[in-house]
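Lettering follows sequence order; numbering is per chain, from 1.
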Protein chains: 2
Amino acid sequence: MARPVDKSAVPAVTVPRLTVYLRKLRELQARGVDRVSSRQLAGLIDLNAAQIRKDFSYFGEFGTRGVGYEVDRLVDEIKRCLGLERSWNVVIIGAGSLGTALARYRGFAEQGFKLVAMFDASQRKVGVSFGDGRTIRDVADLEPFCCEQRVDIAIVAVPAHAAQSIIDRLVGLEPAQRVRAILNFAPVKVFAPRDVIVRQVDFSSELMSLSFYLDRES
Amino acid sequence: MARPVDKSAVPAVTVPRLTVYLRKLRELQARGVDRVSSRQLAGLIDLNAAQIRKDFSYFGEFGTRGVGYEVDRLVDEIKRCLGLERSWNVVIIGAGSLGTALARYRGFAEQGFKLVAMFDASQRKVGVSFGDGRTIRDVADLEPFCCEQRVDIAIVAVPAHAAQSIIDRLVGLEPAQRVRAILNFAPVKVFAPRDVIVRQVDFSSELMSLSFYLDRES
DNA sequence: GAATGTGAATTTATTCACAGCA
DNA sequence: TGCTGTGAATAAATTCACATTC
């Protein structure tokens, strides 16, 4: 049951799909559904059923042949696969409209992501409160903060021109203190050492992709 | 030179990469660089050079053997590939903190995406101004608006529970008037007719993916 | 009988490696 | 000589199809 999972054997595309399964399963859970087959789940998210089973198979055997999957169990298993059994400390850097919107986003806390601080370079913003009574810190205090409190994930929501230098600071600390993962919203490709995980979220890139497919039709 | 391009033969993964090339090339352009080889470009965005050349090859021959690519030309070609020679009309639905942040985002207008309206369901928000003097409209006026003005892309930034019904309304109009592409920020899988292009942007999914890779290390 | 779990087959994407041109 | 453009080779991902188990 608790077989050793080689995470490096998990295809890169499987990981985001697991998050999609998890969300839908939670929805089923909330509706009181307690069992689901790969076929049913596939129908709900517009995917091939074998794909779902194969994705699960990298982590173990979660279902019962002839029966299907127990929703509660599957939610727990996927959470475990994704490392969501524990909580992760997150900071947001950049308290502009995007950073602020992200800080307000309810979905983070629900998944065990704990917003421990928010930083901005502008003195007009430092000291202003966000969320439940905490205040925005000066970005100059970024390194000291990381030294006194573990920060797992940094969300970078600063202007494009400032992104790389912020990231250099985040990863410039001693390995024990430095941030290990970055979610970058600035519209630039940023670089970090290989052992720091970087993901890019890019709105205008998404719009441009839509443009491609729109243009194809007309 | 202007060979007929079969866009359906373009791999799905090539499209987002084109947007990455375009951004980097614009940066080079701004720095006054006027020529670049696939190898150099590959170094700048951490990719294989053959990948870049192959991506271009779906659309034509943009370079000169033995020399490389002229940056200005390449920018124009990629814009053409992505359908960015024209401008697209965009609406944002949902004037919460995320919708507002998106409305303020400078990158959209620069790429030829024209924000023509913003909608919200709350009477407290209707009539409030956004951007350059225009005001937020009542979401009840969504359909009339689409009938009197072409809307190419709808950005959906409403709560998860409201997303599908908004999308049903957007695609429920006559084919000539209905929105043809949707960028959904609500954290739910949404459905639309096959000829409507839907892309999903999902913050908490991105965080969960980071969690997977973080957990792998520790 | 019904649905999982998984090898095998297929499809898609990436990378190699080199002919062809400046 | 240097770099593009592209078939051929390789690698990765998806889907099929079926033995296995409940």
Side-chain angles (χ1 to χ4, degrees), chain A residues 1-21 25 28 33-74 77-78 81 209 212, chain B residues 1-21 25 28 33-74 77-78 81 209 212:
Chain A
M1 205 223 267
R3 85 173 180 199
V5 172
D6 177 8
K7 280 197 167 187
S8 67
V10 177
V13 284
T14 287
V15 179
R17 276 199 303 260
L18 288 177
T19 74
V20 174
Y21 305 152
L25 287 165
L28 293 176
V33 178
D34 49 33
R35 213 185 265 165
V36 72
S37 71
S38 61
R39 170 116 77 118
Q40 292 170 320
L41 190 54
L44 292 171
I45 55 190
D46 207 11
L47 227 70
N48 181 298
Q51 176 91 83
I52 295 176
R53 297 198 301 273
K54 170 108 6 188
D55 282 340
F56 294 162
S57 77
Y58 299 113
F59 298 93
E61 306 196 358
F62 303 153
T64 308
R65 291 169 194 227
V67 178
Y69 301 91
E70 202 195 315
V71 175
D72 289 345
R73 157 108 194 268
L74 199 45
E77 294 286 5
I78 296 176
C81 298
S209 294
F212 172 88
Chain B
M1 207 222 263
R3 85 172 179 200
V5 173
D6 176 8
K7 281 198 168 187
S8 66
V10 177
V13 285
T14 287
V15 179
R17 277 200 302 262
L18 288 177
T19 73
V20 174
Y21 305 152
L25 288 165
L28 292 176
V33 177
D34 50 34
R35 214 184 265 166
V36 72
S37 70
S38 61
R39 171 117 77 119
Q40 292 170 320
L41 189 54
L44 293 170
I45 54 189
D46 207 12
L47 227 70
N48 181 298
Q51 176 92 85
I52 295 177
R53 298 199 300 275
K54 172 118 342 193
D55 282 339
F56 294 162
S57 77
Y58 299 113
F59 299 93
E61 306 195 0
F62 304 154
T64 309
R65 290 167 196 230
V67 178
Y69 301 91
E70 202 194 316
V71 175
D72 289 345
R73 157 109 193 268
L74 199 45
E77 294 286 5
I78 296 177
C81 298
S209 294
F212 173 88

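- Protein atom CD of B:Glu61 is 5 Å distant from nucleotide atom P of D:dG5, rounded to whole Å.
- The two residues A:Ser8 and A:Asp6 have their closest heavy-atom pair at OG-OD1, 2.7 Å.
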message = Could you go through A:Tyr21 and A:Leu47, starting from their C-alpha distance and side-chain angles, then the distance that decides it, and tell me whether this counts as side-chain contact (heavy atoms from CB on, under 4.5 Å)?
response = CA-CA 11 Å; A:Tyr21 305 152; A:Leu47 227 70; 3.5 Å; yes
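- Applying the 4.0 Å criterion to OP1 and OP2 of D:dC22, one finds that A:Tyr69 has every side-chain N and O outside that range.
- For the atom pair CG of B:Leu41 and CZ of B:Phe56, the computed distance is 6.0 Å after rounding to the nearest 0.5 Å.
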Donor-acceptor pairs under 3.5 Å, side chain of residues 63-72 of chain B to any protein atom, not counting sequence neighbours: which ones?
from: B:Asp72; atom 1: OD1; to: B:Gln29; atom 2: NE2; distance (Å): 2.9

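- Without hydrogens or angle criteria, B:Lys7 side chain to B:Phe59 main chain gives no donor-acceptor distance under 3.5 Å.
- Contacts of residues 35-48 of chain B with DNA chain D (heavy atom under 4.0 Å): B:Ser37, B:Ser38.
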Every protein N/O lying under 3.5 Å from an N/O of nucleotides 17-19 of chain D:
from: D:dA17; atom 1: N6; to: A:Arg53; atom 2: NH2; distance (Å): 3.3

Between the protein and nucleotides 7-13 of chain C, list the N/O to N/O atom pairs that are separated by less than 3.5 angstrom.
from: C:dG7; atom 1: N7; to: A:Lys54; atom 2: NZ; distance (Å): 3.4

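- Applying the side chain to side chain contact (heavy atoms under 4.5 Å, CB included) criterion to B:Asp34, with sequence neighbours excluded, gives no partner residue.
- At whole-Å resolution of the value, CG in A:Leu18 and P in D:dA13 are 13 Å apart.
- Both A:Asp55 and B:Val67 lie near DNA chain D, and the one whose nearest nucleotide falls closer to the 5' end is B:Val67.
- With sequence neighbours left out, B:Val15 forms a side chain to side chain contact (heavy atoms under 4.5 Å, CB included) with A:Ser209, A:Phe212, A:Tyr213, B:Val10, B:Leu82.
- In this structure, CG in A:Leu18 is found 10.5 Å from CD1 in A:Ile52, a value given to the nearest 0.5 Å.
- Here CG of B:Leu25 is found 8.0 Å from CD1 of B:Ile45. Values are rounded to the nearest 0.5 Å.
- In terms of heavy-atom proximity, B:Phe62 sits nearest to B:Arg73 at O-NH1, 3.4 Å.
- Sorted by first then second residue, the salt bridge (Lys or Arg N to Asp or Glu O under 4.0 Å) pairs that include residues 41-59 of chain A, not counting sequence neighbours, are A:Arg17-A:Asp55.
- Atom C1' of nucleotide C:dA3 and atom CG of A:Leu74 are separated by 14 Å, given to the nearest angstrom.
- Atoms CZ (B:Phe62) and C1' (D:dC3) sit 17 Å apart, rounded to a whole Å.
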